[in-house]
Every structure is written in structure tokens, then in C-alpha cells.
Undergrad: 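What follows is a single structure, and I will ask about it in a moment.
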Amino acid sequence: MNNQRGEVKKICVVHLVRKKNELAVFERFINSYKFFDAGIDHDLIIIYKGFKAEFDIFPYEEKIIDTKHKIYKCSDIGYDLKAYSSCFKKFKNNYEYFCFLNSFSELNGENWLRKLWMPFNDKGVGLVGATGSYGTMVPKYQAPSSNLATWKKVLRPILLPLLIRFKELSFDGFPNPHIRTNGFIISTAIFNKIKFPLFFRKLEAYKFESGRFGLTNQVKLLGLKCVIVGNNGNSYSENNWLESEIFWSSKQENLLIKDNQTNYYENADNVTKKKLTISAWHGS
């Protein structure tokens, strides 16, 4: 299969590097990338987000000098998904699938990319993630406690339902199954159909990840399934995500790709872990 840009390869792995993060964050990713075999041929693109001067990327390039890769630079305007979108538009004619990994991604198993890609052998699958959650941005209503100031007692019952209603327009209530965008893979054909917001506000990024018209639900509206994959190589439909022992449950022993949120859970005390598990899988 050929086009004006040359042969179309199967998979492109895109990793985001932010200038605002420490070099150690990138080191954790690239060390894991070198340590674990992807298990399938692919190209690697490094997005340098927010690097203004050419020499700013030199310390990062030194860490990856022995690894074949391409470079894509973009401004720090917008969030991770804005960078993914612009990178995809530039390279979409060259690849059949894109695997996006955020700044804090750290690979956690052999054949990680093959495991993520394998569910696409089922033609009904449209989106594959390393983690998923049932969590929602819609808060549960709580009656004001008796020790609140008088003005809070008066305004809270009025304003909180309005806030909830505002979020209900953008987010489904619990359970709200969605693929987390820290690490996911999708075909070029499907991603090309996805509608992106402008990503000027953090809320827009939240809406794209877990909102009513976000990535997961847009894929489902196309009649396709969204699954997550564990380190054991098994894929899980959304009804079985909790039992997969991947994200914010048990010891996360089946986790294929780590990130700052999974690390937070891993290092938390038991009380905090229980709260996180409830928020992700049982409602908060």
C-alpha cells in the first residue's frame, strides 16, 4: 500500500514529552521502552511540547540517541490531546494505527504493543486502552452539614444542584465507562472520524477523555467496542474492567502501562486506595 509519502507502515507509537516536566520523567519512559520488547514492528515519534529553543531538546535526544525515532514539535498551548491531534494530522497518511502514550507513561511488560494491537483482530473493536475507569465528573449531591456557615447552608442547596446539572450536560453519571487517554491505540480510519474540542480549558480535556461526547463514546456511537488489555495479554470488555485487576483495584498486578495515577495508587495507604477504588468502580 503506497501513497505520495511512501509506504504505509502498520503502527506508529507517539510519546509526549513536555518541557514543564523533569527530564527524569522522560528517562523512566525511554528506559522502559528500551527494556521491554514491543513485540511488533513500529515507528516511534517523540512529541516535544513547549520546547522553544532547539538546544532545549538536546538532553532528551541524548537519552534516545541509540533509538530510531522521529521528532514532532508543537507549542504548549492546549493539553496532551491537542498535541496528539496535531501530530496525527501530520502523519496520518503514513500509518494504519496510532498508539498514544502520555508524558508519565512507563511500559510494564514484554510484547506490550503487540498485546495492545491484538484485539483489533476482532473487527468489532474500535479502541483499545491500557486502563479504563467507570468514574465520572458528575458529583453526587450532598445535603449541607449543620456546622456550615449560614450563607453556605442557604446557597449550597441551590448552587450545587446547578453545578451538577451543568456537568450532567457533558458527563454521564456513574457508571461512566471510558478508556483513559494515558495510553491507547486506535486505527487511523477511526481516529480520523473523531471530533476534537479546542482544548483551551482543562475541562475540555476531561470531556474528551470521559465526557458524554468524548473519545470512548464517539467510538461506541460508530458501533464499535472499547476494550482494555492487561499485562497477561487478555482483553476485557467494559463489564469486566474491575475484575481485570489493572487500574485502581487489587494490587494492579495486571497493569501493562504505568502512569502517575497508577503510581499514586500503588504508593498510597490502604485508606486512600479504598477511596480511589470506590471512585473508579463504585461511585464516590
Side-chain angles (χ1 to χ4, degrees), residues 1-18 29 33 38-51 57 64 67-103 105 107 112-130 178-200 204-205 207-209 211 213-227 229 257:
M1 183 176 180
N2 298 280
N3 60 24
Q4 294 179 348
R5 299 191 182 188
E7 182 182 356
V8 176
K9 297 190 72 172
K10 179 72 77 174
I11 304 174
C12 177
V13 173
V14 178
H15 176 65
L16 180 70
V17 179
R18 294 195 67 201
F29 165 76
Y33 181 83
I40 191 170
D41 184 47
H42 66 281
D43 280 354
L44 173 66
I45 294 178
I46 302 297
I47 298 179
Y48 286 108
K49 187 173 186 286
F51 290 77
I57 72 170
I64 199 174
T67 302
K68 185 179 179 181
H69 65 286
K70 300 177 182 179
I71 293 174
Y72 178 72
K73 296 180 182 178
C74 63
S75 74
D76 205 33
I77 297 175
Y79 294 89
D80 293 5
L81 293 160
K82 173 68 173 177
Y84 294 165
S85 174
S86 61
C87 181
F88 171 75
K89 289 176 181 178
K90 179 175 177 61
F91 293 99
K92 67 180 181 180
N93 291 331
N94 298 82
Y95 302 98
E96 295 181 38
Y97 293 88
F98 280 80
C99 177
F100 295 97
L101 304 173
N102 77 0
S103 301
S105 294
L107 308 172
W112 58 272
L113 185 57
R114 174 171 287 278
K115 291 173 182 176
L116 284 172
W117 176 77
M118 285 296 289
F120 290 109
N121 286 323
D122 177 353
K123 299 302 182 182
V125 171
L127 176 65
V128 180
H178 59 276
I179 299 294
R180 296 182 61 246
T181 54
N182 69 302
F184 67 95
I185 184 170
I186 190 169
S187 73
T188 299
I190 296 302
F191 209 47
N192 207 35
K193 296 179 181 179
I194 300 301
K195 296 179 180 179
F196 294 87
L198 295 177
F199 296 120
F200 287 141
E204 300 301 326
K207 285 163 66 174
F208 188 77
E209 177 174 81
F213 304 105
L215 175 61
T216 298
N217 283 333
Q218 286 192 52
V219 171
K220 290 164 72 172
L221 284 173
L222 294 172
L224 298 170
K225 294 180 290 187
C226 302
V227 304
V229 171
I257 299 178

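Every value quoted in this text rests on a predicted model; they were computed, and no experiment measured them.
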Undergrad: In Å and rounded to the nearest 0.5 Å, what is the CD1 to CD distance from I179 to E209?
TA: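 It is 10.0 Å, given to the nearest 0.5 Å.
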
Undergrad: Between D41 and K10, is there a salt bridge with N-O shorter than 4.0 Å?
TA: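 Salt bridge absent between K10 and D41.
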
Undergrad: If you round to the nearest 0.5 Å, how far is CG of D80 from CD1 of I47?
TA: 8.5 Å

Undergrad: Taking atom NZ of K193 as the centre, report whether more than 12 heavy atoms of other residues, nucleotides or ligands fall under 6.0 Å from it.
TA: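 Counting other residues, nucleotides and ligands, NZ of K193 stays at 12 neighbours or fewer.
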
Undergrad: Check whether Q218 reaches the backbone of F213 with its side chain - one donor and one acceptor, N or O, closer than 3.5 Å.
TA: yes

Undergrad: Between N217 (side chain only) and G214 (backbone N and O only), is there a donor and an acceptor less than 3.5 Å apart?
TA: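 No, the answer is negative, given that no donor and acceptor are paired below the 3.5 Å cut-off.
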
Undergrad: Please evaluate residues I57 and V17 with respect to the criterion side chain to side chain contact (heavy atoms under 4.5 Å, CB included), reporting the C-alpha separation (whole Å), side-chain torsions for both, the decisive distance (0.1 Å), and the verdict.
TA: CA-CA 10 Å; I57 72 170; V17 179; over 6 Å; no

Undergrad: Give me the ring orientation class for H15 and F29: parallel if the planes are under 30° apart, tilted from 30 to 60°, perpendicular past 60°.
TA: parallel

Undergrad: List the atom of C87, the atom of I45, and the distance in Å for their closest heavy-atom pair.
TA: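 Looking at all heavy atoms of both residues, the closest pair is SG-CG2, 4.0 Å.
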
Undergrad: Report yes if some heavy atom in the side chain of Y97 is under 4.5 Å from a heavy atom in the side chain of I40; otherwise report no.
TA: no

Undergrad: Could you walk me through whether F120 and I190 pass the side chain to side chain contact (heavy atoms under 4.5 Å, CB included) test, one step at a time?
TA: CA-CA 12 Å; F120 290 109; I190 296 302; over 6 Å; no

Undergrad: Mind checking whether I186 and V219 have side chains closer than 4.5 Å, heavy atoms only?
TA: yes

Undergrad: How far does NZ of K89 sit from CG of N192, to the nearest 0.5 angstrom?
TA: 9.5 Å

Undergrad: What orientation do F100 and F191 show, parallel under 30°, tilted 30 to 60°, or perpendicular over 60°?
TA: tilted

Undergrad: Using the benzene-type ring in the case of Trp, are the ring centres of H69 and Y48 under 6.0 Å apart?
TA: no

Undergrad: Is there a side-chain contact between Y33 and L44 in this structure, where contact means two heavy atoms from C-beta onward sitting under 4.5 Å apart?
TA: yes

Undergrad: I'd like to check F184 versus L127 (side-chain heavy atoms, cut-off strictly below 4.5 Å). Are they in contact?
TA: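 When only atoms from C-beta onward are counted, L127 and F184 do touch, with a gap below 4.5 Å.
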
Undergrad: Would a distance-only check, ignoring hydrogens and angles, find a side-chain to backbone donor-acceptor pair under 3.5 Å from K49 to D76?
TA: yes

Undergrad: Any idea which heavy atoms bring W112 and C99 closest together, and the distance?
TA: CZ3-SG, 4.3 Å

Undergrad: Does any non-hydrogen side-chain atom of T188 lie less than 4.5 Å from one of F98?
TA: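 They are in contact (side-chain heavy atoms under 4.5 Å apart), so the answer is yes.
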
Undergrad: Could you walk me through whether F208 and Y79 satisfy the side chain to side chain contact (heavy atoms under 4.5 Å, CB included) test, starting with their C-alpha distance in whole Å, then the side-chain angles of each, then the deciding distance to 0.1 Å, before giving a yes or no?
TA: CA-CA 11 Å; F208 188 77; Y79 294 89; over 6 Å; no

Undergrad: Report, as yes or no, whether the 6.0 Å neighbourhood of atom CD1 on I77 holds more than 12 heavy atoms from other residues, nucleotides or ligands.
TA: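 Counting other residues, nucleotides and ligands, CD1 of I77 stays at 12 neighbours or fewer.
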
Undergrad: Shortest non-hydrogen contact from N182 to S105?
TA: O-OG, 3.0 Å

Undergrad: Taking side chain as C-beta onward, heavy atoms only, is V14 less than 4.5 Å from F88?
TA: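 They are not in contact (no side-chain heavy atoms under 4.5 Å apart), so the answer is no.
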
Undergrad: If you define the side chain from C-beta out and look only at heavy atoms, does anything of Y84 sit under 4.5 Å from N102?
TA: yes

Undergrad: Is there a side-chain contact between N94 and C12, using heavy atoms and a 4.5 Å cut-off?
TA: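 Sidechains of C12 and N94: no contact.
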
